[in-house]
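See below for the structure under consideration.
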Amino acid sequence: MNAPDRYERFVVPEGTKKVSYERDTKIINAASFTIEREDHTIGNILRMQLHRDENVLFAGYKLPHPLQYKIIVRIHTTSQSSPMQAYNQAINDLDKELDHLKSCFEAEVAKHSVEY
């Protein structure tokens with residue numbers, strides 16, 4: 001078969017960074033982040049979290065090719081923030097939000113498992 005191995009979608013090769021950063025040379029306070037071995041799931045969640053930040057003027061992502069397992073997130077911020085700060089804040093906020101979701105879910109499961 002001509003398809004790549006399934007593990008290539010998830011395992012970051014040795015010597016490759018999970019996230020790389022590249023400043024935009026034409027636009028002030030703009031940058032691109034390449035995130036290896038991720039897809040629309042992370043791209044859309046991260047984009048939506050970045051849109052919640054009032055210092056972010058633009059946030060978008062793209063998958064360069066369906067057989068390349070990476071996304072490119074582009075961020076443009078106001079002068080009060082930098083793309084790196086916005087990215088880190090979005091990741092931290094998502095981490096807290098997902099921890100809260102997990103704890104609420106586990107509490108509900110525990111509550112309902114006692115009933116049965």
[X] side chain vs [Y] backbone, donor-acceptor pair below 3.5 Å:
X: Arg37; Y: Val11; answer: yes
X: Asn92; Y: Asn88; answer: yes
X: Asn55; Y: Thr78; answer: no
X: Thr16; Y: Val12; answer: no

TODO: Evaluate whether atom CD of Glu54 has more than 12 neighbouring non-hydrogen atoms of other residues, nucleotides or ligands under 6.0 angstrom away.
DONE: no
TODO: Please check if atom CD1 in Ile28 has more than 12 non-hydrogen atoms from other residues, nucleotides or ligands closer than 6.0 Å.
DONE: no
What distance separates [X] [atom1] from [Y] [atom2], expressed to the nearest 0.5 Å?
X: Arg47; Y: Lys62; atom1: CZ; atom2: NZ; result: 15.5 Å
X: Ile45; Y: Thr41; atom1: CD1; atom2: OG1; result: 6.5 Å
X: Asp95; Y: Gln49; atom1: CG; atom2: CD; result: 11.0 Å
X: Leu46; Y: Ile35; atom1: CG; atom2: CD1; result: 5.5 Å
X: Ser113; Y: Glu108; atom1: OG; atom2: CD; result: 10.5 Å
X: Thr34; Y: Glu22; atom1: OG1; atom2: CD; result: 7.0 Å

Which atoms form the tightest heavy-atom contact between [X] and [Y], and what is the distance?
X: Pro64; Y: Gln68; answer: CB-OE1, 3.2 Å
X: Ile71; Y: Tyr61; answer: CG2-CD1, 4.4 Å
X: Leu50; Y: Ala86; answer: CD2-O, 3.5 Å
X: Arg23; Y: Ala31; answer: CA-CB, 4.1 Å
X: Asn29; Y: Ser79; answer: ND2-CA, 3.2 Å

- [ ] Describe, in one word, how the ring planes of Tyr21 and Phe33 are oriented to each other, choosing from parallel (under 30°), tilted (30 to 60°) and perpendicular (over 60°).
- [x] tilted
Test of understanding: clusters of I, L, V, M, F, W, Y form through side-chain heavy atoms closer than 4.5 Å, transitively. Do [X] and [Y] belong to the same one?
X: Met84; Y: Val56; result: yes
X: Val73; Y: Leu63; result: yes
X: Ile91; Y: Val19; result: yes

TODO: Please tell me if the side chains of Leu101 and Phe105 come closer than 4.5 Å, counting only heavy atoms from C-beta onward.
DONE: no
Open item on the list: Test of understanding: with salt bridge (charged side-chain N to carboxylate O under 4.0 Å, His left out), list the residues that count as partners of Lys18, not counting sequence neighbours.
Closed with: Glu38
- [ ] State whether Arg74 and Asp24 are salt-bridged, where the test is any N-O pair (Lys NZ or Arg NE/NH1/NH2 against Asp/Glu carboxylate O) under 4.0 Å.
- [x] yes
